[in-house]
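Below is one structure, written out as structure tokens; the observations come after it.
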Amino acid sequence: MRFPRSSGILLHPTSLPGRFGIGDLGPQARSFIDFLAGAGQTLWQVLPLGPTGFGDSPYQCFSAFAGNPLLISPQRLVEQGWLDPAGFERVPTFPENEVDFAFVIRWKTALLELSAREFFQRGSIDDRARFEDFRAASSGWLDDFALFMALKQHHDGAMWTEWDPSLRRREPEALDRWRNRLAEPIAIQKLLQFVFFLQWQELRTYSQSRGVRIMGDLPIYVAHDSADVWANPQYFHLDEAGNPTVVAGVPPDYFSATGQLWGNPIYRWDALARDGYRWWLDRLFAGLAMVDMIRMDHFRGFEAYWEVPASGTTAVKGRWVKGPGAALFQAAEEALGKLPLVAENLGVITPEVEAIRNEFGFPGMAILQFAFGNDPQAPTFRPHNYSQELVAYTGTHDCDTTVGWWTSTGRGESTRSEDDIRAEREFTKQYLNTDGREIHWVFIRALLASVADTVLIPLQDVLGLGTEARMNQPATIGGNWRWRVCEKMLRPEIAQRLREITDLYGR
């Protein structure tokens with residue numbers, strides 16, 4: 001599938017500015033869309049929007065179908081009449097430039113539960129009818145998710161494998177008993193999902209009115225501690241206690257000499273295939289209902305994936321195992337039509353991986369930061385080798401910012417040596433004809449001038465920020481996903497500069 005010649009910005013909604021400790025789907029999100037439109041950008045890429053669990057990572061969610069209640073806008077709740085303004089008259093003083101997740105979760109969870117009770121007591125007949133329609137339409141995933149979250153809350157956040165065996169095994173009598181016992185928290189969970197999707201669709205409608213398409217992100221794997229695995233254990237390699245027997249990761253790479261041990265359970269692709277890949281088709285349908293196009297995370301894992309014994313402490317001792325290959329995407333196209341997907345084809349990419357991508361016409365990705373070093377894909381990441389259908393990035397959410405990459409020593413954030421970095425910098429200067437000043441704008445101009453149909457730039461690169469604004473460092477735990485932009489950084493002169501370059505190169 002070819003996309004129109006265009007460009008946009010990568011920014012997760014949690015990184016938006018605002019007074020409530022975390023970015024949300026309210027007025028600041030609309031202001032960011034206005035910033036995009038003013039800068040001549042027609043794409044907004046977000047990370048996965050699900051309810052985050054381990055490490056606050058959007059790639060480790062409690063559900064592949066649910067939305068993150070932390071993104072609900074308190075201001076919109078007041079405007080909708082579902083929250084008394086007195087409910088946040090005493091908003092704590094949150095950090096402006098990062099998300100303190102523990103602090104935010106405590107405060108905002110209490111606020112959202114207060115709003116839910118307001119809705120149940122005072123919601124209009126029309127609002128209640130819309131809620132009931134949502135419950136009925138979403139019951140395929142919502143019922144299990146709401147029960148899972150209510151049970152998790154009751155068990156003080158313990159993983160589902162630590163619950164009573166009758167709940168772990170989902171014995172019908174036990175489920176019925178707990179549904180009755182936890183009726184109120186289950187109802188609250190369902191309502192929060194209704195509110196999230198309502199606010200998201202309102203925001204998407206506004207985005208469309210401003211000529212901005214939204215690109216979502218669909219992780220290949222789901223978290224072990226999720227409603228997906230608890231409700232569908234037959235689709236995962238688990239032991240009798242529900243624990244994974246093998247887990248996901250990648251072999252040693254640019255970011256880590258011992259690989260990346262993600263820890264997600266591995267799919268039983270044979271069981272999914274016997275069911276016609278129905279669970280995956282439902283997941284793709286749900287994702288595409290929310291956005292205009294989707295980045296398929298770790299696309300190479302559909303051809304073959306790196307499988308590590310669950311007892312492993314690193315990803316070094318793994319093996320490649322064949323995935324579903326083209327069969328999954330054939331089933332998806334038969335059910336859903338042509339798929340507006342972008343394949344994240346980074347890492348160990350073989351001809352077999354590219355054959356699947358090309359068969360279905362999924363654009364691949366190129367990362368300019370990786371174009372000048374020892375990465376095996378480096379030559380294909382250089383703009384003179386681009387194909388038109390490509391999606392080109394200065395860097396991704398996993399990379400350092402471009403300024404941070406340029407000034408980096410390499411210690412602790414990649415496997416590059418000091419000699420590697422020196423050689424990389426010299427080649428970059430030669431290739432881009434630069435002395436390194438305003439390296440972020442040099443990168444942005446190089447991509448916007450290229451033949452790649454789609455260019456995406458992390459907001460940190462547009463703003464010229466350093467390592468302090470990095471979103472995630474792979475193979476590390478803690479301190480990730482926290483960065484937020486300050487409202488004063490989104491200056492009109494930056495939008496104007498980006499617009500001029502964008503217009504110059506016909507995007």
Side-chain angles (χ1 to χ4, degrees), residues 2-3 5 7 10 250-257 259-260 295-304 306 320 342-402 404-406 408 410 413-436 439-458 461 474 505:
R2 287 286 298 277
F3 299 117
R5 184 170 173 83
S7 59
L10 165 60
V250 290
D253 61 5
Y254 173 92
F255 295 109
S256 173
Q260 298 179 43
R295 169 191 176 271
M296 291 294 290
D297 179 59
H298 197 58
F299 183 80
R300 80 98 52 244
F302 294 104
E303 190 280 323
W306 191 247
W320 291 107
V342 172
E344 189 257 287
N345 57 336
L346 309 176
V348 182
I349 303 302
T350 62
E352 292 83 359
V353 177
E354 290 296 85
I356 296 172
R357 186 180 66 77
N358 290 326
E359 179 180 348
F360 295 94
F362 301 148
M365 288 172 50
I367 313 302
L368 193 55
Q369 282 188 25
F370 295 164
F372 309 108
N374 299 324
D375 191 299
Q377 293 178 279
T380 64
F381 291 164
R382 295 167 197 154
H384 73 276
N385 288 322
Y386 285 178
S387 56
Q388 280 187 282
E389 70 275 8
L390 197 70
V391 180
Y393 291 76
T394 54
T396 73
H397 63 275
D398 282 336
C399 298
D400 202 343
T401 68
T402 292
W405 167 82
W406 185 247
S408 166
E413 54 84 27
S414 74
T415 57
R416 297 175 298 163
S417 68
E418 291 183 4
D419 287 341
D420 291 338
I421 291 173
R422 278 194 293 271
E424 190 175 43
R425 283 188 186 145
E426 287 306 312
F427 184 30
T428 303
K429 290 178 180 179
Q430 184 180 14
Y431 184 92
L432 295 174
N433 190 28
T434 180
D435 61 5
I439 189 67
H440 55 297
W441 283 113
V442 174
F443 267 45
I444 290 168
R445 179 179 287 270
L447 293 190
L448 292 176
S450 75
V451 299
D453 284 337
T454 308
V455 169
L456 283 158
I457 310 157
D461 286 352
Y505 295 114

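Every value quoted in this text rests on a predicted model; they were computed, and no experiment measured them.
- Side-chain contact between M365 and F299 is absent, with no heavy-atom pair separated by less than 4.5 Å.
- Atom CD1 of residue I367 and atom OG1 of residue T380 lie 10.0 Å apart, to the nearest 0.5 angstrom.
- Note: S417 OG to R422 CZ = 7.5 Å, rounded to the nearest 0.5 Å.
- Once rounded to the nearest 0.5 Å, the distance linking CD1 of I421 with OG of S408 reads 5.0 Å.
- A heavy-atom distance below 4.5 Å is found between the side chains of L447 and Y386.
- Inter-residue side-chain proximity for N374 and D420 is flagged as met; some heavy-atom pair is nearer than 4.5 Å.
- S450 contributes atom OG, which lies 15.0 Å from atom CZ of R382 (distance to the nearest 0.5 angstrom).
- Panel note: side chain R300, backbone V348; a donor-acceptor pair is recorded below 3.5 Å.
- Taking CG from D297 and OG1 from T396, the interatomic distance works out to 10.0 Å, rounded to the nearest 0.5 Å.
- Shown here for L448 and Y505, the closest heavy-atom pair between the two residues is O-CB, 3.1 Å.
- Considering every non-hydrogen atom in both P251 and W320, the closest pair reads CG-CZ2, 3.8 Å.
- The one candidate from T402, D461, I444 that meets the side-chain contact (heavy atoms from CB on, under 4.5 Å) condition with I439 is T402.
- Closest approach of F362 and A343 over heavy atoms only: CB-CB, 4.2 Å.
- In this structure, D398 contributes its side chain and P474 its backbone to no donor-acceptor pair below 3.5 Å.
- Q369 places a side-chain N or O within 3.5 Å of a backbone atom of D400 that can act as its donor or acceptor partner.
- When all heavy atoms are compared, the tightest approach of L390 to G364 is CD1-O, 3.6 Å.
- The heavy-atom pair separating G373 from A378 by the smallest distance is O-CB, 3.8 Å.
- Counting heavy atoms from C-beta outward, L346 and Y393 have side chains that stay 4.5 Å or more apart.
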Task: V250 and H298: CA distance, side-chain angles, deciding distance, side chain to side chain contact (heavy atoms under 4.5 Å, CB included) verdict - done: CA-CA 10 Å; V250 290; H298 197 58; 3.4 Å; yes
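- The backbone N or O of G347 sits less than 3.5 Å from a side-chain atom of Q377, completing a donor-acceptor pair.
- For the atom pair CD of E389 and CG of N358, the computed distance is 7.5 Å after rounding to the nearest 0.5 Å.
- Residue F443 forms a ring pair (Phe, Tyr, Trp, His ring centres under 6.0 Å) with just one option from Y431, F370, W405, and that option is W405.
- For D435, the CG atom counts as densely surrounded, since its 6.0 Å shell holds more than 12 non-hydrogen atoms of other residues, nucleotides or ligands.
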Task: Working for side chain to side chain contact (heavy atoms under 4.5 Å, CB included), residues D453 and R2 - done: CA-CA 8 Å; D453 284 337; R2 287 286 298 277; 2.5 Å; yes
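- The minimum heavy-atom distance between R357 and P363, with the atom names listed, is NH1-C, 3.8 Å.
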